[in-house]
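What follows is one structure encoded as structure tokens, with my remarks underneath.
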2 protein chains.
Amino acid sequence: MKALASALRILDEFALRNEPLGVTELAERLGIQKSNVSKVLSTFRDNGYLYQDPITKKYLVGLNAFALGNNYINSNRLSRVSLPSMRKLVDDTGHSAVVSVMQGGDVIHVLAVEGRLFVDGRWRVGLWMPYHATSAGKVLLAFGAPNQLDYLLKTRGLPYVTAKTITDQRKFRNVVQKAEKNGFAISRGETLPGSSALAVPLFDGSPFAVATLGLICPEHLLTDEEADRLLPALQKCAREISLRLGAGTYPFGH
Amino acid sequence: MKALASALRILDEFALRNEPLGVTELAERLGIQKSNVSKVLSTFRDNGYLYQDPITKKYLVGLNAFALGNNYINSNRLSRVSLPSMRKLVDDTGHSAVVSVMQGGDVIHVLAVEGRLFVDGRWRVGLWMPYHATSAGKVLLAFGAPNQLDYLLKTRGLPYVTAKTITDQRKFRNVVQKAEKNGFAISRGETLPGSSALAVPLFDGSPFAVATLGLICPEHLLTDEEADRLLPALQKCAREISLRLGAGTYPFGH
DNA sequence: ACGGTCTGTTTCCCATATAGAAACGGGATA
DNA sequence: TATCCCGTTTCTATATGGGAAACAGACCGT
């Protein structure tokens, strides 16, 4: 199904960059014929998956894609199980709670409940984040398949994101090891300056973490003391979700 | 682009029904060859747009579709403009605020901010709702292209949804006319028993409403008096958003 | 255990839809 | 008004996707 696959490669660009995209730039970037890109995009448009700005003629994500994507949440067991516990966690801590998963070395927040202590709106559900710049990524590697970390370091490296992003492989391995030992990881302004996060793993009975549960805070608020204070509530919530997901036990906190 | 279009028809089923779908049932429902459906679905799967349950072998929405869909919100001007005002509205009223649009006679909630007075989780962002069973649909028809109502009544009718859904065409026309006169509409348990909503139009400078702003409440709370009490805040918020969207004036409230 | 009957997947081949090159048309810019 | 750039359309050879049927594997009730 070559035609469909290449059409999806085009669509992927809209998943990665959230900005209007034109035929020519997509054709160049992907090395596909302009005429072909145009036909693919107009078909997506005619079916509601893309929307074409009538003035600029550029394309952006359409309503059907939106409706489809939201069914991920609705049909997803993880989401159904996590939401109620997350709400409690947010009430208790005041911070925003977020559940994240990893695919192909990218982390994505699948579910968030906003807290009172509001960060800025730029960390958002549904955005792909680099694996090495998020607390969720560190935890997922610490509790993921053992060769995954090596593989990612080799194929992706540790690209610069912000001034605080870890770009040294030794250091990153240490951070992941510590996460495995302690059962949590922190990132401080490594994805987005001013925004920090604290994450713990979620298990479903399989040996590896399926997701993480995290709290997002303004960077200046997430001191080590505050992290210590938040950790028990976070772990309690993670245990609750994990047990409901089918895990026999939750190995951290009590 | 026939192949892609038919692949998207298959994908549409996942946008409409949020449940695992199998090859055979899709092939039958859409009148497409089983082998073809299988190839299409596996291609979507290989590209992350669908996920295949390893046990049941059925397919459901995948992470890439989720990421793509969320970019609708991120790249959408309506969302960016509305969110801050919605947060204030929720703080003021306690109810959940929601922005909805219509496409092809179906209403979809594109954005919601949860309130303290919590309804149940079954009204959800990203789900298609019938035009006649929501306050948003009534408002969008009242302030939409004039022939749209006739067209929808002729082609779609007023199917039964709940015991309270309006199924009489005269009555529905009256409700829409009243919405046009008053600048708001209400639905009480017409989509989902126990859940009511109050909606007003949003304008962007074009003659027709582009979206609605609504408040979702538990049905027993949305008395006529409560609606009267909520309306000024709702209209103030709608005016704020409309002006920022490019409307010259907002014709209701003050 | 064992057919029978559901799944989802693979194979095969021919008709046809598709990718590609180039031409077209329409806005913007100068 | 002429030039540029962009999205769309045209045209044709060829690769490719769609259809029929065979395959494989899980599940069922004997």
Side-chain angles (χ1 to χ4, degrees), chain A residues 1-14 16-65 68 71 75 77 205-206 246, chain B residues 1-14 16-65 71 75 205-206 246:
Chain A
M1 205 103 285
K2 202 167 149 187
L4 179 53
S6 98
L8 292 181
R9 264 185 57 221
I10 297 175
L11 202 57
D12 279 341
E13 291 298 312
F14 289 89
L16 291 172
R17 343 200 163 221
N18 55 341
E19 57 190 357
L21 295 173
V23 171
T24 308
E25 62 181 306
L26 283 171
E28 282 172 5
R29 185 177 303 155
L30 299 172
I32 307 178
Q33 196 71 10
K34 237 172 46 160
S35 67
N36 193 7
V37 173
S38 173
K39 280 182 268 189
V40 168
L41 292 183
S42 64
T43 306
F44 277 129
R45 181 212 333 111
D46 295 343
N47 289 73
Y49 285 85
L50 293 177
Y51 167 80
Q52 187 173 28
D53 186 306
I55 296 164
T56 66
K57 300 285 184 183
K58 287 184 184 250
Y59 289 84
L60 14 81
V61 179
L63 258 185
N64 258 357
L68 177 68
N71 279 1
S75 65
R77 186 142 166 280
S206 69
Chain B
M1 205 102 285
K2 203 168 149 185
L4 179 53
S6 97
L8 293 180
R9 265 183 57 221
I10 297 175
L11 201 57
D12 280 340
E13 292 297 313
F14 290 88
L16 291 171
R17 342 200 164 222
N18 55 340
E19 58 190 357
L21 294 173
V23 172
T24 309
E25 62 183 305
L26 283 171
E28 282 172 3
R29 185 179 302 155
L30 299 172
I32 307 179
Q33 196 70 10
K34 235 175 47 160
S35 68
N36 193 8
V37 172
S38 174
K39 280 184 268 188
V40 168
L41 291 184
S42 64
T43 306
F44 278 128
R45 184 217 325 116
D46 295 342
N47 289 74
Y49 284 86
L50 292 178
Y51 167 81
Q52 186 173 29
D53 186 305
I55 297 163
T56 67
K57 300 283 184 183
K58 289 185 184 251
Y59 289 85
L60 15 81
V61 179
L63 258 186
N64 258 356
N71 278 0
S75 65
S206 70

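All of these numbers come straight from a predicted model, not from anything done at the bench. Values reported hereafter were calculated over all heavy atoms of this structure, with side chains retained and with hydrogens, waters and symmetry mates removed. Labels below follow one simple rule: chain letters A, B, ... track the order of the sequence lines, proteins then strands, and each chain is numbered from 1.
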Using whole Å, report how far [atom1] of [X] lies from [atom2] of [N].
X	N	atom1	atom2	value
L26(A)	dT8(D)	CG	P	12 Å
M1(A)	dA15(D)	CE	C1'	13 Å
I10(A)	dA19(C)	CD1	C1'	12 Å
Q52(B)	dG8(C)	CD	C1'	8 Å
E25(B)	dT7(C)	CD	C1'	11 Å
L4(A)	dT18(C)	CG	C1'	13 Å
D53(A)	dG7(D)	CG	P	12 Å
E28(B)	dG8(C)	CD	P	10 Å

Distance check, rounded to the nearest 0.5 Å: [X] atom [atom1] versus [Y] atom [atom2]?
X	Y	atom1	atom2	value
L30(B)	E13(B)	CG	CD	5.0 Å
L41(A)	Q52(A)	CG	CD	8.0 Å
S42(B)	N47(B)	OG	CG	9.5 Å

Using side-chain heavy atoms (C-beta onward) and a distance below 4.5 Å, is [X] in contact with [Y]?
X	Y	value
L8(A)	F44(B)	yes
R29(B)	R17(B)	yes
F14(A)	L26(A)	yes

Quick one: is [N] close enough that its OP1 or OP2 comes under 4.0 Å of any side-chain N or O from [X]?
X	N	answer
T24(A)	dG7(D)	yes
Y59(B)	dT9(C)	yes
S38(A)	dG7(D)	no
R45(B)	dG8(C)	no

Where each residue is assigned the nucleotide of DNA chain D containing its nearest heavy atom, which of V23(A) and K2(A) is assigned the position nearer the 5′ end?
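Closer to the 5' end of DNA chain D: V23(A).
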Contact string for nucleotides 20-30 of chain C, one letter per nucleotide 5' to 3', B = base within protein heavy-atom range under 4.0 Å, S = sugar-phosphate only, - = neither, reads BBB--------
For E25(A) against P20(A), the heavy-atom pair lying closest together
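Looking at all heavy atoms of both residues, the shortest contact is OE2-O, 4.1 Å.
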Could you say whether G22(B) or V40(A) is positioned toward the 5' end of DNA chain C, judged by the nucleotide with the nearest heavy atom to each?
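Residue closer to the 5' terminus by nearest nucleotide: G22(B).
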